[in-house]
Every structure is written in C-alpha cells, then in structure tokens.
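Order of listing sets the numbers, starting from 1, for every ligand and every atom in it.
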Amino acid sequence: MAKKAVKQTNGSRVDQFPAPTPAEVAALASCARHGNKPDELLEIFHDLQHQLGYVPDATLPVIAKALNRSRAEIYGVLTFYHEFKRHPVGKHVVKICRAEACQSMGTDALCQHAEKSLGTSLGGTTADGMVTIEQVFCLGNCALSPAIMVGEKLYGKVDPKRFDEIIGGLEKEAAE
Ligand code: FES
C-alpha cells in the first residue's frame, strides 16, 4: 500500500493511500486472526495460500508491518519453505520425485515426458492453467519409484504411459 502524492486544486500536495488489494486485505485479516503474533507467521502463510492459491509478494510488506518485523525477515521465512508458492499455480499441482530411488527407476525420462506432453517445464504451468509440474526430492514412496503426487494423492511406479493416464483423468474430471 504505497502512498502517492496527489496535487490538490489549490496547488498543495497531499499523500493518498490507494485502496488495499484483495490480497492485502486477506493478509491483514489473517494477521489479525492470528493476533498479529510473529510466531504465527507460518499459519498466516498457510491461510493465504489456502485462500489465494499462493502468497503474493505484495502481501509481504503488509504482514511485516502487522507483525512488526522487517520485510527481509518475512521474505526469508517465506522463501525458506518450498511448500509456499509465490506465484499462481495450476488447478492441479503434480509433484514428480527426483530423489535417488526415483532417479534409479527412470524419473529423468518421466520428467522429460511430462514437460513435453504438457508443454511446460518443471516449475511451470500449462497454458490452460490446469496443471503445474514441480520437482520434489522424496515423497516417502521410494519402494514404488518413480513416484508422483497429484494434490494430496500419491502414485507409484509411474511411467510415461501411466503419467498420461493420470493427467487424462484430471482433464476428464474437469470436463464433467
Ligand atoms: S526417492 Fe522418490 S519417493 Fe523417495
């Protein structure tokens, strides 16, 4: 909410604050719900991600002010936890494991297939906003490598064919 100097009809200048954006309002409301307590910062991030799908950078100064912390501190915490998104993501987030067990079972080829078939790279979102693909390092499903996770659902032994079936299921579900 950066202030802006506005010239009056009498030539004087006054500072005006633009109306807060919905994201800024959501950040303020979440901080208030958590008593503006710095030790509830992660909960505030969770709230925003749940509500907006990500934690917009524009909310960081608002949170910093409400919690009486520096912006750098708030930014540092946000970027430390990879679970928090800083940009809008697709309707479905597909996490592909690239840790050792999955590596040994062909996850590189699976990633290449995913990027090619979805037309976006790891970390990106399909043009229709339906799917975001991300790399992660171990989903705790090593015995069934290669593993992927779609939302909260875990899949094992995923080869390119099975990957296409899973994505096809999401598309079908969206069309119904
Ligand atoms: S290494 Fe992929 S699930 Fe553990």
Quiz prompt | Pairwise salt bridge (charged side-chain N to carboxylate O under 4.0 Å, His left out) hits with a residue in residues 57-79, at least two apart | solution =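 Checked against salt bridge (charged side-chain N to carboxylate O under 4.0 Å, His left out) - neighbours excluded - the pairs reaching residues 57-79 are Asp57-Arg86, Arg69-Glu73.
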| With sequence neighbours excluded, what pairs up with Leu144 under the side chain to side chain contact (heavy atoms under 4.5 Å, CB included) test? |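 Expected list: Asn141, Lys157.
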Checklist line | For Phe137 against Cys97, the heavy-atom pair lying closest together | finding: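 Here Phe137 and Cys97 meet closest at C-SG, 4.4 Å.
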The single option from Tyr75, Tyr54, Phe45 passing ring-ring contact (aromatic ring centres under 6.0 Å, His included) against Phe84: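 Single ring-ring contact (aromatic ring centres under 6.0 Å, His included) partner of Phe84 among Tyr75, Tyr54, Phe45: Phe45.
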| query | Distance below 2.8 Å from atom 4 (Fe) of ligand 1: how many protein N/O/S atoms qualify? | reply |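 Of the protein's nitrogen, oxygen and sulfur atoms, 2 lie under 2.8 Å from atom 4 (Fe) of ligand 1.
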Within the 4.5 Å heavy-atom criterion, are Leu67 and Cys31 side-chain neighbours or not?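 A side-chain contact under 4.5 Å exists here.
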Item to check | Set of salt bridge (Lys or Arg N to Asp or Glu O under 4.0 Å) partners for Glu152, sequence neighbours left out | outcome: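 Partners of Glu152 by the salt bridge (Lys or Arg N to Asp or Glu O under 4.0 Å) criterion come out as none, since no residue qualifies.
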